Amino acid sequence: MSHTLTDQQHDEARQGEAFAPFAEDPNQYDRHFFIESYGCQMNFADSEIVASILQEQGFGATRQLEKADLILLNTCSIREKAEQTVRKRLTEFKKLKKVRKGLLVGVLGCMAERLKSKFLEEEKLVDLVVGPDAYRTLPQLIEEAAGGQKAVNVLLSREETYADIAPVRLDSNGVSAFVSIMRGCNNMCAFCVVPFTRGRERSRDHRSILAECQDLFDNGYREVTLLGQNVDSYHFSPEADQAPVNFAQLLEQVARISPLLRVRFSTSHPKDITDEVLTTMAKYTNICRYIHLPVQSGSTRILQLMNRTYTREWYKAKVDRIREILPDCGISSDIIAGFCTETEEDHRDTLDIMRYSGYDYGYMFFYSERPGTLAHRRYVDDIPLDIKKQRLQEIVAVQYELSLTSNQQDVGKEFEVLIEGDSKRDEQDWMGRTSQNKVVVFPKSKAGLKAGDYVRIKIDQCTKATLMGRLVE
Ligand code: 5AD
Ligand code: SF4
């Protein structure tokens, strides 16, 4: 995936991933499910939990729509565009249902709650609607739907973490995997629908996280990404007589599984990331030098309206602290253009903080009002679309420049690269990543290498999206 994505490119890239082929399960199943995921990494991780629950019920995964008895869309509500895409896809499946008797179509994930009555009752687009905390009830819901009933469960939970469910890896390269460490979010960023679609924050038992990571390592995986909406507020209290575990401690425990296991995490909230996390990263070279630290806006006034609870100065100080403790750390960001009342001056503050932070990557969006959010209830979405788009273009242009500069600084240097597989462009080349999460492509000059191996690569050239290099013997 390219390093700098506009809103639309981002959604398209995600969808691209949704269609990526994965190995058909060699076991024989009578019934098959087809699942497509949209949105954030958390949704992709959830689909792997759903796959596990379905497999228990005798459903095998398939990538061939024609083979499916059950089609599931794991949906995202974060921006309006994502919702439109899902609606389009559901309309296509409705046609399939006409010719295929018994085919069931379901909506999972973040759109479930908001659109249950619409999809199920009014438009009859789907047979079942299941929210992110209700996947354990899928077997009953499938039964009900097959019997012609409306099958809905969108209840959110304060406890559910699916800790005991071993995910079935879908679309896996066998090298890197996502591990969900918490669910929900207690922050109330004014623009964000997540606290409403995914509910309250809760942390998964660290023992089950460790067991999953160990198991991945034993099965040849070499990289885990610990996932949560706000990983720095991870907090698990085991039994009363045992000490609670915070994110820095969890990170350390996972890093100690093996020096050959790379550990990544996402997402960090600038208000919550601690020195303890940064110094833990510094202590273990296998904790990757990469922090996704969404700024959202560079203007203190807008940040306040967004309820991000930090100022521009606080954010800059965080970046300084990261550079101080981890001089070689990559930093990326999420940025929203055209939030309510944003002036040209606020916008320039955003461009300025991007340059200050020197982001290696950026995920950039224009503001899209979401029903039920604080911003929807309290503010007017008053920036015209053409201005939002123009500001977004300026943000994208700055990010392209920053990504290119960052990559140019790597030319001539050597990096440890974890091989992920063939380069997409040319099978004669390997593709891997540096600790800083940069994509590296290099020729297959040496026999015997395979995905999951670590190699040293000297960088000779770059574009804004890729480093190109050669093996150092
Ligand atoms: N409009 C535009 N972008 C949004 N994001 C979240 N909600 C919205 C919205 N309503 C972006 C934020 C967040 C990322 C996952 O999506 O930048 O960090
Ligand atoms: Fe949304 Fe803010 Fe929570 Fe991220 S931290 S999921 S942007 S409310």
Side-chain angles (χ1 to χ4, degrees), residues 4-11 13-14 38-44 46 75-84 109-111 114 132 156 180-203 227-234 247 265-273 291-298 302-310 315 331-340 342 350 353-354 359 361-383 385 388-389 391-392 395-396 399:
T4 37
L5 299 174
T6 61
D7 196 16
Q8 191 182 351
Q9 285 167 331
H10 190 258
D11 287 337
R14 291 290 187 194
Y38 294 84
C40 64
Q41 293 164 336
M42 188 66 96
N43 253 13
F44 284 75
D46 277 5
T75 61
C76 169
S77 293
I78 202 122
R79 284 169 293 275
E80 202 179 353
K81 169 92 186 359
E83 284 194 5
Q84 288 163 3
C110 289
M111 274 171 85
R114 209 168 73 73
L156 290 173
S180 153
I181 63 163
M182 57 206 293
R183 300 182 70 80
C185 184
N186 282 358
N187 295 319
M188 278 285 171
C189 299
F191 50 79
C192 187
V193 81
V194 167
F196 305 97
T197 60
R198 287 190 162 267
R200 304 288 292 172
E201 177 187 294
R202 63 224 100 115
S203 296
L227 287 184
Q229 304 297 343
N230 184 10
V231 290
D232 301 284
S233 61
Y234 176 88
F247 182 60
F265 55 89
S266 187
T267 296
S268 300
H269 195 301
K271 79 173 162 58
D272 291 321
I273 187 163
I291 299 176
H292 183 54
L293 196 74
V295 68
Q296 312 296 2
S297 166
I302 294 292
L303 286 169
Q304 247 156 17
L305 284 180
M306 285 178 163
N307 197 28
R308 290 290 287 179
T309 72
Y310 52 85
Y315 186 91
I331 304 181
S332 63
S333 192
D334 290 345
I335 298 161
I336 299 178
F339 188 66
C340 314
E342 188 186 72
T350 297
I353 211 162
M354 290 174 72
Y359 297 130
Y361 321 92
Y363 297 96
M364 301 156 283
F365 318 98
F366 61 75
Y367 174 57
S368 153
E369 186 178 70
R370 306 314 293 134
T373 55
L374 257 126
H376 174 237
R377 282 180 278 141
R378 287 197 199 150
Y379 317 137
V380 182
D381 179 12
D382 58 351
I383 308 300
L385 187 61
K388 284 182 183 173
K389 287 190 171 169
R391 290 182 186 165
L392 178 62
I395 288 171
V396 169
Q399 188 52 53

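In this text the structure is predicted, and so the values were computed from the model without any measurement. For ligands, and for the atoms within them, numbers begin at 1 and follow the listed sequence.
The aromatic rings of F339 and Y379 sit perpendicular, their planes meeting at an angle over 60°, well past the 30° parallel limit.
Heavy atoms of Y363 found under 4.0 angstrom from ligand 1: none, in either backbone or side chain. Under 4.0 Å from ligand 2, the heavy atoms of P195 that appear belong solely to its side chain. If you look at K271 next to ligand 2, there are no close heavy atoms at all, none under 4.0 Å. At a heavy-atom cutoff of 4.0 Å, ligand 1 is contacted by both the backbone and the side chain of I78. Only side-chain heavy atoms of V194 come within less than 4.0 Å of ligand 2; its backbone N, CA, C and O stay farther off.
The protein heavy atom nearest to atom 8 (S) of ligand 2 is N187 O, 3.4 Å. Annotation: atom 7 (N) of ligand 1 to nearest protein heavy atom, F191 CD1, 3.3 Å. Protein heavy atom nearest atom 16 (O) of ligand 1, with residue, atom name and distance: R79 NH1, 3.0 Å. Closest to atom 2 (C) of ligand 1, if we only count protein heavy atoms, is F366 O, 3.4 Å. Ranking protein heavy atoms by distance to atom 2 (Fe) of ligand 2, first place goes to C189 SG, 2.4 Å.
Under 2.8 Å from atom 1 (Fe) of ligand 2 lies an N/O/S atom of C192, whether from backbone or side chain. Because the distance cut-off is set at 2.8 Å, C185 qualifies as a neighbour of atom 3 (Fe) of ligand 2 through one of its N, O or S atoms.
Residues D334 and H292 bring a donor and an acceptor atom of their side chains to less than 3.5 Å of each other. Counted by atom type alone, S297 and E342 present zero donor-acceptor pairs between their side chains at under 3.5 Å. For the residue pair R198/N43, the side-chain donor-acceptor check at 3.5 Å is satisfied.
Side-chain atoms of P270 and R308, non-hydrogen and from C-beta on, do get closer than 4.5 Å to each other. For the pair M364/Q399, a side-chain contact is recorded, criterion being any heavy-atom separation below 4.5 Å from C-beta on.
Close contacts between ligand 2 and Q229 involve ligand atoms 6 (S) [criterion: under 4.0 Å to a heavy atom]. The distance from ligand 1 to the heavy atoms of Q296 drops below 4.0 Å at these ligand atoms: 12 (C), 13 (C), 17 (O), 18 (O). Numbered from 1 in the order shown, with element, the atoms of ligand 2 that lie under 4.0 Å from a heavy atom of R308 read 2 (Fe). For ligand 1 and D334, the ligand atoms under 4.0 Å from any heavy atom of the residue are 13 (C), 14 (C), 15 (C), 17 (O), 18 (O). For ligand 1 and S368, the ligand atoms under 4.0 Å from any heavy atom of the residue are 1 (N), 2 (C), 9 (C), 10 (N).
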Q. Under the side-chain hydrogen bond (donor to acceptor under 3.5 Å, both in side chains) criterion, do Q229 and T267 qualify, and how do the steps go?
A. CA-CA 6 Å; Q229 304 297 343; T267 296; over 6 Å; no
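Cation-pi check for R79 over F365 is met; the charged atom lies under 6.0 angstrom from the ring centroid and within 45 degrees of its normal.
By the 4.0 Å N-to-carboxylate-O rule, K271 lies too far from D232 to be salt-bridged with it. Salt bridge status for D381 with K388: present, with a side-chain N to carboxylate O gap under 4.0 Å.
Side chain of S368 to main chain of E80: a donor-acceptor pair is present (N/O by atom type, distance under 3.5 Å, no hydrogens or angles).
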